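For ligands, and for the atoms within them, numbers begin at 1 and follow the listed sequence. Values in this document were obtained by computation on a predicted structure and should not be read as measured data. Each residue takes its place number in the sequence, starting with 1.
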Amino acid sequence: MSVYFASDLHLKALDDSNVERFFAFLDEVRADGEALYLLGDIFEAYIGDDDDDPLVARVAAELSTLNCAVFLVHGNRDFLIGQSFATRAAATLLGEETVIKLGSFRALLLHGDTLCTDDIAYQHVRTQLRSRQWQSDFLNQPLAARRAFAVKARAESRMHTAGSAADIMDANSAAVNETLTRHEVLLLIHGHTHRPMVHRHGNATRIVLPDWDEHRSWLKWTAETGELYARGQCERVDV
Ligand code: MN
């Protein structure tokens, strides 16, 4: 039995090629998965559980057919996933930072955007978007207005990414160390940066999940070791 982790699928529409890749991946999970953790940004944009886009319904339906436990962590694109979607997907929504037991290790799971503390402009926007007031104001708008906002936000985000130095968009090592220490863990798994890699921080290990730009990509954990499938390659991960 294995535990699977994936993030940053950025599914855009039902006819997106990543949707088929995602469902093929779920077949692998179905074969020997004891749990699936989706660590954020499964959707490119998410405007609320009442969205009538068939993509949202289809993803929830597929997830609900898995016979293993499914856990969701919010990404910076799909932080509005709510309990209604989770119920339809037969999944459990986790908090921003969650420690799980993985073999004999304690592993901290998070999306990864909170580690990018050098991106001050982004962190500022994040604080606003995660406020209860902003979210309730947003969810009270009609779907069309929310959709228009999401299109604009994606364009702004692309401009921000293009105009920012690459290292600003990566995890800050002081933030990583602070987070590892705060949770007293030696294993951290996150996505967000689209820079799949196994990093060492002293005796701690940080696994960055791949995005799904061209390949279906995931981390598979069996007993005490992992296999990171990134961009068509498989790397063994020993902690
Ligand atoms: Mn992200």
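Side-chain atoms of N76 and H192 include a donor-acceptor pair closer than 3.5 Å.
At distances below 3.5 Å, not a single donor-acceptor pair connects side-chain atoms of H199 with backbone N or O atoms of R206.
Between F138 and F149, the ring centre distance stays below 6.0 Å. Y4 and F71 have their aromatic ring centers separated by at least 6.0 angstrom.
When distances to the Mn ion (ligand 1) are checked against a cut-off of 2.8 Å, T193 contributes no N, O or S atom below that limit.
Counting just the N/O/S atoms of H192, the one with the shortest distance to the Mn ion (ligand 1) is named ND1. Within D41, OD2 is the N, O or S atom that lies nearest to the Mn ion (ligand 1).
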